[in-house]
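Just so we're on the same page: letters track the sequence lines, and every chain starts at 1.
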There are 2 protein chains.
Amino acid sequence: MKINVNKRDPVYVQVMRYFKEQIATGQLAPGEEIASRREIANQLKINPNTAQRAYKEMEELGLIFTEGNMPSRITMDETILTDVRKELVLEAVTEFIHSIQSIDVSLEEAVELVKENYNRKRAD
Amino acid sequence: MKINVNKRDPVYVQVMRYFKEQIATGQLAPGEEIASRREIANQLKINPNTAQRAYKEMEELGLIFTEGNMPSRITMDETILTDVRKELVLEAVTEFIHSIQSIDVSLEEAVELVKENYNRKRAD
DNA sequence: CATCGTGTATTAACTAGTTAGTACACAATG
DNA sequence: CATTGTGTACTAACTAGTTAATACACGATG
């Protein structure tokens, strides 16, 4: 588990994205406990405050919830959970389309490129 | 011509990207004069220093060159010019593949999404 | 020769993000 | 009852990016 692949987004945003991905792929189940702020900060070699910021925002988004001093847990709200994946997919596609259209890449060329690179990238 | 569509990248990076797109699509020809720092800053409502930073980096990358106090111009180096488009295309594809694979989107689904959204997005 | 528009450089101040260090309330564990 | 691990909160300092305000050398234009 690495975070700093992407330098352009703030660390706390990348942490949020990591959890969104885990939720979207079912690797984190509804109601499941997640690592504490201090734990995750330790694992990712980031500051506990930065971890706290990510968790706080995820709580505001309804992705996780916290009761008392218990470890925070993944929400059990079905709507939110299914929306997470939709959001990530739509974001990726929208960004990609925007990028290739701004440099005049045709639909055919784009599809070809995706096909060519989809399996290639797994080898990295 | 707008710049701040994207909040995650620094403004000077977005300015560089704008010029790369113009070069990649042939809207800026080799040797062609580009807007002065003050001009572009005015057009984009950004600070002249930020424009200068973008231009300076583009100069370091060999994208543009400056002689005396003349307006900067697009490079005439064929290799650099063709590489610009390749770089932008590869970057877009790589990022997209990475995003969709991290949320378990299959190749078929991805291709379908691109096809569905390619023309839709033009309507924005 | 004065003016204007180039590129270039410098200094100061502000914001967002990050790190560091510390602190406190609370519940479970020993 | 002391310790440990939760969440939460606050202050201080640092960095990168941005803006603002000047300043200067140089060449063309009037």
Side-chain angles (χ1 to χ4, degrees), chain A residues 1-20 22-23 28-29 31-76, chain B residues 1-20 22-23 28-29 31-76:
Chain A
M1 171 176 179
K2 277 181 188 174
I3 283 294
N4 247 347
V5 189
N6 183 356
K7 292 172 196 170
R8 59 178 196 282
D9 285 330
V11 176
Y12 77 95
V13 171
Q14 294 184 50
V15 173
M16 292 173 66
R17 182 181 179 84
Y18 169 76
F19 277 97
K20 286 181 184 175
Q22 297 278 303
I23 291 173
L28 279 178
E32 184 173 345
E33 283 189 359
I34 60 177
S36 78
R37 278 79 167 156
R38 290 169 178 89
E39 252 182 283
I40 201 85
N42 216 32
Q43 285 176 28
L44 302 181
K45 318 277 188 192
I46 61 174
N47 193 279
N49 298 321
T50 306
Q52 161 65 359
R53 169 137 193 206
Y55 278 35
K56 189 179 180 184
E57 293 222 8
M58 288 195 289
E59 187 135 20
E60 283 167 3
L61 292 176
L63 288 175
I64 63 175
F65 66 98
T66 313
E67 289 171 335
N69 314 331
M70 306 290 291
S72 299
R73 302 197 290 157
I74 302 296
T75 185
M76 290 174 298
Chain B
M1 171 175 179
K2 276 180 189 174
I3 283 292
N4 248 350
V5 189
N6 183 355
K7 292 172 194 170
R8 60 179 197 280
D9 285 330
V11 176
Y12 78 94
V13 171
Q14 294 184 50
V15 173
M16 291 173 67
R17 183 182 178 83
Y18 169 75
F19 277 98
K20 285 182 185 175
Q22 296 278 304
I23 291 173
L28 280 177
E32 185 174 346
E33 285 189 359
I34 60 178
S36 78
R37 278 80 166 157
R38 291 169 177 90
E39 251 182 283
I40 201 86
N42 217 31
Q43 284 176 29
L44 302 181
K45 318 278 188 191
I46 62 175
N47 194 279
N49 297 323
T50 307
Q52 161 65 1
R53 170 139 190 204
Y55 278 35
K56 190 180 180 184
E57 293 221 10
M58 287 195 290
E59 186 134 22
E60 282 167 4
L61 292 176
L63 287 175
I64 63 174
F65 65 97
T66 314
E67 288 172 337
N69 315 330
M70 305 291 290
S72 300
R73 301 196 292 157
I74 303 296
T75 184
M76 289 174 298

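The A:N49 side chain lies nearest to C:dG21 when the options are D:dG7, C:dG21, D:dT18. Counting only heavy atoms from C-beta on, B:N47 has its side chain closest to D:dT19 among D:dT19, C:dT8, D:dT6.
Atoms CD (B:E57) and C1' (C:dT8) sit 16 Å apart, rounded to a whole Å. A:E59 places its CD atom 10 Å from the P atom of D:dA9, with the value rounded to the nearest Å. Rounded to a whole Å, the CG atom of A:D9 is 17 Å from the P atom of C:dA16. Atom CZ in B:F65 sits about 18 Å away from atom C1' in C:dT8, given to the nearest Å. If you measure from atom OH of B:Y55 to atom P of C:dG7, you get 8 Å, rounded to the nearest angstrom. Going from atom CD of A:Q52 over to atom C1' of D:dT6 covers 12 Å, rounded to whole Å. Nucleotide D:dT6 holds its P atom 11 Å from the CG atom of A:N42, rounded to whole Å. At whole-Å resolution of the value, NZ in B:K56 and P in C:dG7 are 14 Å apart.
Looking at heavy-atom distances under 4.0 Å, A:R38 makes contact with a base. Note on B:T66: only backbone sugar-phosphate atoms sit closer than 4.0 angstrom, heavy atoms only; bases stay farther off. Within 4.0 Å (heavy atoms only), B:E33 reaches no atom of the nucleic acid at all.
Residue A:R37 places at least one side-chain N or O under 4.0 Å from the OP1 or OP2 atom of D:dT8. For the OP1/OP2 pair of C:dT6 and a distance below 4.0 Å, the side-chain nitrogens and oxygens of B:S72 include no atom meeting the criterion. Under 4.0 angstrom from either OP1 or OP2 of D:dT6 there lies at least one side-chain N or O belonging to A:S36. For B:R53, a side-chain nitrogen or oxygen approaches OP1 or OP2 of D:dG17 to under 4.0 Å. Within the 4.0 Å cut-off from OP1 or OP2 of C:dT19, at least one side-chain nitrogen or oxygen of A:T50 is found.
The CD1 atom of A:I74 sits 7.0 Å away from the CZ atom of A:F19 when rounded to the nearest 0.5 Å.
Taking every heavy atom of both residues into account, B:Q14 and B:D9 meet most closely at NE2-O, 2.7 Å. Contact record, A:A51 with A:R37: CB-O, 3.6 Å, taken as the closest heavy-atom pair.
With no hydrogens or angles considered, a side-chain donor-acceptor pair links A:E59 and A:T66 at under 3.5 Å.
The shortest distance between side-chain heavy atoms of A:L44 and A:T50 does not fall below 4.5 Å.
A residue-by-residue look at B:N69 and B:Y12 shows that B:Y12 has its nearest nucleotide of DNA chain D further toward the 5' end. Toward the 5′ end of DNA chain C lies the nearest nucleotide of B:A35, the other residue of the pair B:A35 and A:K45 mapping further downstream.
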